[in-house]
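Here's the structure, in structure tokens; my notes come after.
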Amino acid sequence: MKCCINCFEDVELKNIIEHLKEKGDCDFCHSHNVYVYDIEKDNKIGELLTEILYIYTLEDTLPREFPTNKLEKLEDILMNGIYLI
């Protein structure tokens, strides 16, 4: 599967993808003829994104008194444009 530079807001990730100089179609956002990154051939970006996940705490490991209004799904945070890297 291939993701493209349009799938990320982070300049560093975009530069990594563009530096590979491979153009094609994105399997995620369906952009055509853009710089792509084949996640099945290389795991560098996957490793960077995995590091982000270690920042977060699972809900069931939080103290009981943790305010429920502060709970957010990582998916929602990322999809709403709050980028961490």
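Here the side chains of I16 and I45 are in contact, with some heavy-atom distance below 4.5 Å. Considering only heavy atoms from C-beta on, F28 comes within 4.5 Å of M1 through its side chain.
Atoms NE2 and CD1, from H19 and I17 in turn, are 12.5 Å apart once rounded to the nearest 0.5 Å. The line from OG of S31 to CG of N6 is 4.0 Å long, rounded to the nearest 0.5 Å.
Scanning all heavy atoms of the two residues, the minimum distance from V34 to C4 falls at CG2-CB, 3.4 Å. When every heavy atom of C26 is checked against every heavy atom of V36, the shortest pair comes out as N-CG1, 4.3 Å. Looking at every heavy atom in both residues, L20 comes nearest to Y37 through CD1-CD1, 3.5 Å.
Annotation: cation-pi geometry satisfied between K23 and Y35 (NZ/CZ under 6.0 angstrom from ring centroid, within 45° of ring axis).
With sequence neighbours excluded, the residues that form a salt bridge (charged side-chain N to carboxylate O under 4.0 Å, His left out) with K2 are E22.
The list of salt bridge (charged side-chain N to carboxylate O under 4.0 Å, His left out) pairs with a residue in residues 38-48, not counting sequence neighbours, is empty.
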